[in-house]
Amino acid sequence: MFTRSIRWRFLLWLSFLLAAVLGALGTTAFRLYRAQVLAAIDSELSHIVSTLSSTVRQPPGGPRGGRIPGGPPPSPGRREQPPPGPMPGNLDERRLILTDELENLFYPAKNEGGLYFVVWAASGAVRSQAGPVPTGLTQPGRTGADTAIHLRAHDAFREAWHYTERSEAILVGRSITGDLAALRRYAWLLGGAAAVVLAVALGGGWLLVSGALKPVNEISATAARIAAGDLGGRIDVSETDSELGRLAGVLNDTFARLEGAFARQQQFTADAAHELRTPLAVLISEAQVTLARERTPEDYRHTIEVCLETAQQMRRLAESLLALARFDAGQDALRLTRFDLAERVRAGVELVQPLATEREITIRSELTSVETHADVDRIGQVIVNLLTNAVAYNKEHGEIHVATYAENGAAILAVTDSGPGIAPEDLPHVFERFYRADTSRARSEGRCGLGLAICKAAVEAHGGRITVSSQPGLGATFVVRLPVHGPG
Amino acid sequence: MRILVIEDEPRLVRSLARGLREEGYAVDTAENGEDGLEKAISSDYDAIVLDVMLPQLDGWTVLTRLRREKQTPVLMLTARDTPRDRVRGLDGGADDYLVKPFDFSELLARLRALIRRAAGRALAEIEMGDVRLDTRARSVTRAGQHVALTAREYAILEYLALHRGEVVTRTTLYEHLFDETENTLSNLLDVHVFSLRKKLGSPLIATRRGQGYCIEH
């Protein structure tokens with residue numbers, strides 16, 4: 001569950017990242033500090049070893065300027081200080097006389113630092129020692145005639161030592177328990193600080209993410225509500241002028257299209273129902289009036305004929321509606337074959353010829369063979385539809401011009417009539433369902449305004465286009481473009 | 001009574017006209033808004049049946065323009081039945097609203113009601129002395145006895161009865177009794193009135209010389 005939420009994933013990654021960074025920083029800081037502390041201690045010890053060493057080797061005759069022979073190589077930066085005091089006798093047996101300074105360092109009354117020293121004679125016996133020397137302290141080893149100051153550490157002690165040129169070993173050490181404790185405290189401090197930083201960062205991160213995600217949640221909620229039914233609603237984009245704003249904009253556009261599509265769908269359904277009502281009124285009225293009294297057989301026959309005609313009209317309407325509904329649902333699987341458009345048009349013209357002859361309309365064909373990859377039946381319907389329209393909306397003794405040809409990789413069918421044409425205000429609407437521009441003729445011929453809508457749906461299902469151009473009084477031309485190589 | 005039917009579906013118009021004529025009405029028809037409006041204004045109809053979806057001039061426009069000049073009762077026929085459409089129709093001046101498809105008998109009843117109301121009468125029965133006229137059954141009784149009248153006689157009596165107290169001119173009677181499909185001979189009217197007087201008693205229908213006929217209160 002947690003891993004699904006952006007917020008939690010973000011926080012998880014943030015905490016890992018921060019923990020890693022803080023960990024690295026803290027460790028490094030601690031190490032550096034520790035090294036620094038130890039180095040300071042070591043330096044101090046070395047300095048004391050030096051000082052002690054010069055006291056130990058104080059030659060008879062008092063202080064002499066310059067370097068004391070046999071002492072350790074001068075530690076860099078330290079000034080030579082010849083110690084004051086009387087000269088002892090036998091070096092090995094003389095008691096060590098320390099300067100005040102050194103006394104203060106080692107002797108118990110003032111020994112806060114835990115310093116101790118041990119001096120071994122050349123024989124290996126302990127010559128002198130002071131301070132809290134750790135039990136079991138061993139004399140350090142020596143390589144050759146080395147007189148340099150060395151450092152070592154064991155348990156909680158740190159020691160500096162060196163061999164004089166007379167093979168005496170001088171060792172100064174100190175317990176560093178206190179320092180280690182201090183270091184531990186420092187480590188805890190660092191850890192604590194890191195934890196606080198982590199907490200604050202995570203808390204801040206949580207707030208920031210929540211803030212950033214709030215609009216997302218709002219958009220989510222609004223979109224869900226709209227999708228559930230309130231298609232008129234829109235997401236408020238006024239405050240999100242960002243990536244989310246764009247997302248909301250896209251969603252709003254989608255909702256607008258959905259709303260439009262639904263409205264058109266509802267309108268279509270309502271229109272279809274209304275279209276059926278009038279023929280139903282005819283059936284019912286005719287039947288009721290006829291049945292109101294005794295009629296002659298001729299009357300009954302007439303009534304039945306009227307009912308039949310009306311029922312046929314309703315059947316045509318129902319079929320048209322179903323065809324459109326199938327196109328709408330995209331369910332109409334087109335059975336594509338390659339055929340010559342000119343041939344199909346020729347067949348269509350033959351079919352329509354009787355209607356044309358009845359009204360003394362001449363059909364002129366200019367059919368160039370052009371191949372197309374389409375559904376033969378559907379295109380056949382389109383052809384017949386356009387031709388019958390051309391006959392119906394034409395004047396007596398008028399003309400129809402039909403042409404097929406190829407152009408720019410498309411198969412073209414053009415049908416022109418010499419009728420009254422289509423008014424400019426009607427022109428954009430002729431392909432709309434149930435739209436009837438010339439309503440005065442419409443009803444009487446049982447037309448219901450779906451013919452062109454079906455043509456459009458069929459042509460567009462093939463990836464083609466149908467257009468109309470007309471000037472009032474000069475007839476109308478319908479042009480169908482079909483792809484030569486099939487839809488899509 | 002003379003009725004104008006304005007409806008663009010030709011089969012429906014024919015059917016309605018036939019049915020109404022068989023019920024004793026004189027029926028004129030129009031198949032588009034313009035013709036319908038013209039007829040409605042130029043003649044006096046007792047009722048108009050008006051379809052909403054008409055070519056050239058839609059039903060609402062016809063109604064609006066008609067109402068500027070005439071108060072003829074109008075019954076609107078339509079395939080659209082949303083409350084909004086009904087409100088629009090009724091507020092626009094229609095007296096009644098019927099949705100297709102409808103029962104013919106309902107249409108007849110509503111027309112009768114419209115005509116009655118226009119004549120200021122709420123009930124289907126009219127009493128004039130011992131003569132009782134039942135507009136629903138289209139029958140007449142005198143002192144309880146049924147009187148056989150021809151369709152034309154009944155129509156004249158009904159009209160005079162509904163306009164009781166008014167003097168109805170001969171011209172008006174012609175207008176309301178014969179439709180455009182009939183050729184009339186003016187003395188036919190006199191013959192019918194004579195026959196009515198014989199069947200119902202002469203005092204019932206009074207003649208106003210030079211003016212017309214009247215059934216007095």
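Within every chain, numbering begins at 1; the chains are lettered A, B, ... in the order of the sequence lines, protein sequences first and strands thereafter. Computed from a prediction, not measured in an experiment: that's the story for all the values here.
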Query - Non-neighbouring partners of His429(A) that pass ring pair (Phe, Tyr, Trp, His ring centres under 6.0 Å), sequence neighbours left out - result: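 Expected list: Tyr435(A).
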
Give, as side chain, backbone, both or neither, the part of [X] having an atom under 4.5 angstrom from any heavy atom of chain B.
X: Glu286(A); result: both
X: Leu280(A); result: both
X: Thr310(A); result: both

Check ion pair [X]-[Y] (N to O, under 4.0 angstrom):
X: Glu23(B); Y: Arg293(A); answer: yes
X: Glu275(A); Y: Arg433(A); answer: no
X: Asp95(B); Y: Arg117(B); answer: no
X: Glu106(B); Y: Arg110(B); answer: yes

**Report entry** Region of Val99(B) that comes under 4.5 Å of a non-hydrogen atom in chain A
**Finding:**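 Only the side chain of Val99(B) comes within 4.5 Å of chain A.
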
**Report entry** When Thr303(A), Leu283(A), Val282(A), Val306(A) are compared by non-hydrogen pairs under 4.5 Å with chain B, the top option
**Finding:**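 Highest number of pairs under 4.5 Å: Val282(A).
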
